[in-house]
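To start, the structure itself, in structure tokens.
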Amino acid sequence: MNCMWCDSDKAHEARNSVFWELPDGTRAIEIIDTPSIKCEECGMEYQEEQIINEIEDQLLLIDTKKLLKTIEYKKLMEIPRFLKQNYFRF
Ligand SMILES: [Zn+2]
């Protein structure tokens, strides 16, 4: 896999913690153990777009008021979504 920043082939899958602002902008949470890509060449560590989209979607579809300050990525994705059927009618 190639690094999205320097195109080196020394990028590999990793896990890291990311701070994420909630969609309503009220606060940020820390998502730990998030799938990421780490590049040994330039040192960048980043989330792939697919992961970013998954987190963004999930935060829009769950009750974020119940979220603690820190959560594991896996646990975040397991939170049941609500009002899913109405989502696209906003
Ligand atoms: Zn790189």
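Indexing begins at 1, ligand by ligand and atom by atom, following the structure's order. Below, all heavy atoms of this structure are taken into account, side chains as well, without hydrogens, waters or symmetry copies. The shown structure was predicted, so the numbers you read here are calculated from the model rather than taken from an experiment.
- Here the side chain of Glu45 pairs no donor or acceptor atom with the backbone of Cys39 at under 3.5 angstrom.
- The distance from the OG atom of Ser36 to the NE2 atom of His12 is 9.0 Å, given to the nearest 0.5 Å.
- In this model, a donor atom of one side chain and an acceptor atom of the other lie less than 3.5 Å apart for Glu54 and Tyr73.
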Walk me through whether Thr34 and Asn16 qualify under side chain to side chain contact (heavy atoms under 4.5 Å, CB included).
CA-CA 5 Å; Thr34 311; Asn16 72 352; 4.3 Å; yes
After noting the C-alpha distance and the side-chain angles of Gln58 and Leu76, does the key distance pass the side chain to side chain contact (heavy atoms under 4.5 Å, CB included) rule?
CA-CA 8 Å; Gln58 181 70 344; Leu76 176 67; 4.2 Å; yes
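- Using modelled atom types and a 3.5 Å distance limit, the side chains of Glu41 and Trp5 yield no donor-acceptor pair.
- Within the sub-2.8 Å shell of the Zn ion (ligand 1), the protein contributes these N/O/S atoms: Cys3 SG, Cys6 SG, Cys39 SG, Cys42 SG.
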